[in-house]
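Worksheet for the structure shown next.
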Amino acid sequence: MKQHRILYLFVLSTLVFSCSTQKQSFSSNEAYQFKALNNGQPDYSDLHYWAAHPYKKDPSDSVPKPLLANYQKDSAVDIFFVYPTTYTDEAKTMGWNALIDDAAVNAKTDYSPILFQASVFNAAGRVFAPRYRQAHLSAYYAKTAQDSTDAIAAFELAYQDVKAAFEYYLAHYNAGRPIIIASHSQGSTHTKRLLKEFFENKPLYSKLVVAYVIGMPVPTNFYTAIPSCNLPNQTGCVCSWRTYQKDYIPEAITQEKNKAIVTNPLSWNSQITHVDRKDNQGGILLQFNSLVKHVADATISDGVLWTVKPHFFGNIFYTTKNYHIADYNLYYLSIRENAQTRINAYLKK
């Protein structure tokens, strides 16, 4: 578990404090691009290209020790989870997209978001999380016209992998099961589009239990036929939030043109906008096997979720007001329980 803590600290430092770095053009780095676009194309019939899969042992199977006594695994529902950016290397020769077989990126993925985020769903159903050629973190910070063009191409390549994985999942594994879509950060960039293409006004919508599209803005008008979640037992809807320290709203968010969906991950009720931290029954932070009670409150405010500075020993948030990295962690047990609540409601329909 010590290596989990070290990896998580490393990912925390890179994701919270990283900024744009120099890279080769998406089109000009031919040697890298050939490897990324051709030799590195994932084959989703091979379990190697799944970071989480019910047919192999992986970190998404991990259960925090305090929850083991009541752990009962179910397989009636599937969870398709798309992980956030873990490709943050600052090497000057890096490409815009991660290589699918990059061992360092894959290890960072497995022992950070797959362990700390995807595992929240392992009691709810079977967890599928495809590896994909994710765009580099700096694609979100394009400063020039060329960078913007390259970033768009990088995100498109990443999405096509996610789409291919989902199509393979539907064809070979789903077998009519209800589906939870879950994601974080860059993963949410892609699942927003996935929901539009596969669920909105499509027959597959009838199989959607809920979508947890976390860490990226989902405009309230983004979907015409998939509502935002307003009640804890509502199904076929979207939950979303971005977590910051109370009274802090980044300038970029103040400039957003469309109002974003904000779900309170403690009340799950659009009419209950504030829940005190004493009602937070547990977050999972640096130590995966420690459930930290009363770690954070939750208040909906102006397109974001606010919390007072999280309360726990060795607080890692003393240097930032942006709690993006912990969107799942701070509300781990609440998300875990809510997924089951929505499944129960769905199965009763």
Side-chain angles (χ1 to χ4, degrees), residues 1-18 21 23 32 35-36 39-65 79-122 127-140 154 157-158 161-162 165 182-190 214-215 284-290 316 324-329 332:
M1 197 53 63
K2 182 178 180 181
Q3 68 169 334
H4 295 171
R5 184 176 187 275
I6 293 171
L7 278 165
Y8 188 66
L9 281 169
F10 176 72
V11 174
L12 174 72
S13 64
T14 55
L15 292 189
V16 173
F17 302 111
S18 291
T21 54
K23 292 178 302 309
Y32 185 99
K35 188 175 182 182
N39 296 347
Q41 186 172 1
D43 173 6
Y44 292 112
S45 68
D46 186 341
L47 294 185
H48 173 72
Y49 295 105
W50 295 86
H53 196 288
Y55 294 172
K56 71 175 187 178
K57 183 68 177 177
D58 60 71
S60 75
D61 299 318
S62 303
V63 179
K65 189 174 181 179
I79 296 87
F80 190 83
F81 178 81
V82 187
Y83 54 80
T85 309
T86 55
Y87 180 39
T88 59
D89 187 354
E90 295 186 3
K92 292 182 179 179
T93 58
M94 67 190 171
W96 279 93
N97 293 83
L99 298 179
I100 199 68
D101 290 315
D102 188 312
V105 171
N106 290 345
K108 197 189 303 185
T109 298
D110 293 350
Y111 291 101
S112 47
I114 299 302
L115 176 66
F116 285 91
Q117 297 178 347
S119 69
V120 78
F121 300 106
N122 60 28
V127 180
F128 295 83
R131 299 201 188 282
Y132 67 99
R133 289 168 292 177
Q134 57 182 285
H136 188 269
L137 178 65
S138 60
Y140 283 105
L157 173 62
D161 281 356
V162 172
S183 57
H184 187 243
S185 197
Q186 181 173 161
S188 292
T189 295
H190 303 311
I214 314 304
I284 298 294
L285 298 166
L286 297 181
Q287 296 292 344
F288 181 78
N289 277 323
S290 295
I316 56 177
H324 176 76
I325 186 67
D327 284 325
Y328 273 84
N329 302 65
Y332 188 97

Ser119 and Phe288 have their tightest heavy-atom pair at OG-CE1, 3.5 Å
To the nearest 0.5 angstrom, please state how far the CG atom of Asp102 sits from the NZ atom of Lys108. 8.5 Å
How long is the span from the OH atom in Tyr83 to the CG atom in Asp110, to the nearest 0.5 Å? 8.0 Å
Please check if the side chain of Ser188 supplies one atom and the backbone of Ile214 the other of a donor-acceptor pair under 3.5 Å. yes
The reported gap from CG in Asp101 to NE2 in His48 (rounded to nearest 0.5 angstrom) is 4.0 Å
Taking the side chain as C-beta and beyond, is there a heavy-atom pair between Asp161 and Tyr44 under 4.5 Å? yes
May I ask you to test the Thr86-Tyr111 pair for a side-chain heavy-atom distance under 4.5 Å? no
Restricting to non-hydrogen atoms, name the atom on Leu47 and the atom on Lys56 that form the minimum distance, rounded to 0.1 Å. O-NZ, 3.0 Å
Would a 4.5 Å heavy-atom cut-off, applied to side chains only, mark Phe128 and Pro54 as touching? yes
Non-neighbouring partners of Thr189 that pass side chain to side chain contact (heavy atoms under 4.5 Å, CB included), sequence neighbours left out: Tyr140, Met216
Who pairs with Asn122 by side chain to side chain donor-acceptor pair (under 3.5 Å), at least two apart in sequence or on another chain? Arg336
Qualifying residues under ring pair (Phe, Tyr, Trp, His ring centres under 6.0 Å), relative to His184, sequence neighbours excluded: His324, Tyr328
Yes or no on side-chain contact (heavy atoms from CB on, under 4.5 Å) for Phe81 and Val120, after CA distance, side-chain angles and deciding distance? CA-CA 11 Å; Phe81 178 81; Val120 78; over 6 Å; no
Output yes when a side-chain donor or acceptor of Asn329 lies under 3.5 Å from a complementary backbone atom of Ile284, and no otherwise. yes
For Asn106, give me all partners under side chain to side chain contact (heavy atoms under 4.5 Å, CB included), at least two apart in sequence or on another chain. Arg131
Say you draw a straight line from CD1 of Ile325 to CD of Gln117; how long is it, rounded to the nearest 0.5 Å? 7.0 Å
Centre-to-centre under 6.0 Å for Phe116 and Tyr332, is that the case here? no
What pairs with Ser60 under side chain to side chain contact (heavy atoms under 4.5 Å, CB included), at least two apart in sequence or on another chain? Ala52, Asp58, Ile114, Ala118, Val127
Between atom CG of Leu115 and atom CG of Asp61, what is the distance when rounded to the nearest 0.5 Å? 10.5 Å
Looking at every heavy atom in both Ser45 and Asp43, which two are closest together, and how far apart are they? OG-OD1, 2.7 Å
Can you check whether Tyr132 reaches His190 side chain to side chain, under 4.5 Å on heavy atoms? yes
Test item: Gln134 and Pro84 side chains (from C-beta on) under 4.5 Å apart, heavy atoms: no
What distance separates Trp96 CH2 from Tyr87 OH, expressed to the nearest 0.5 Å? 10.0 Å
Between Asn97 and Ala154 the two heavy atoms that sit nearest each other are ND2-O, 2.9 Å
List the residues meeting ring pair (Phe, Tyr, Trp, His ring centres under 6.0 Å) with Phe121, not counting sequence neighbours, and say none if there are none. Tyr212
Do we see a donor-acceptor contact under 3.5 Å between the side chains of Thr85 and Ser185? no
Kindly write out the residues that satisfy side chain to side chain donor-acceptor pair (under 3.5 Å) with Asp46, not counting sequence neighbours, or none if the list is empty. none
Quick check: closest heavy atoms across Trp50 and Ala165, and the distance to 0.1 Å? CH2-O, 3.7 Å
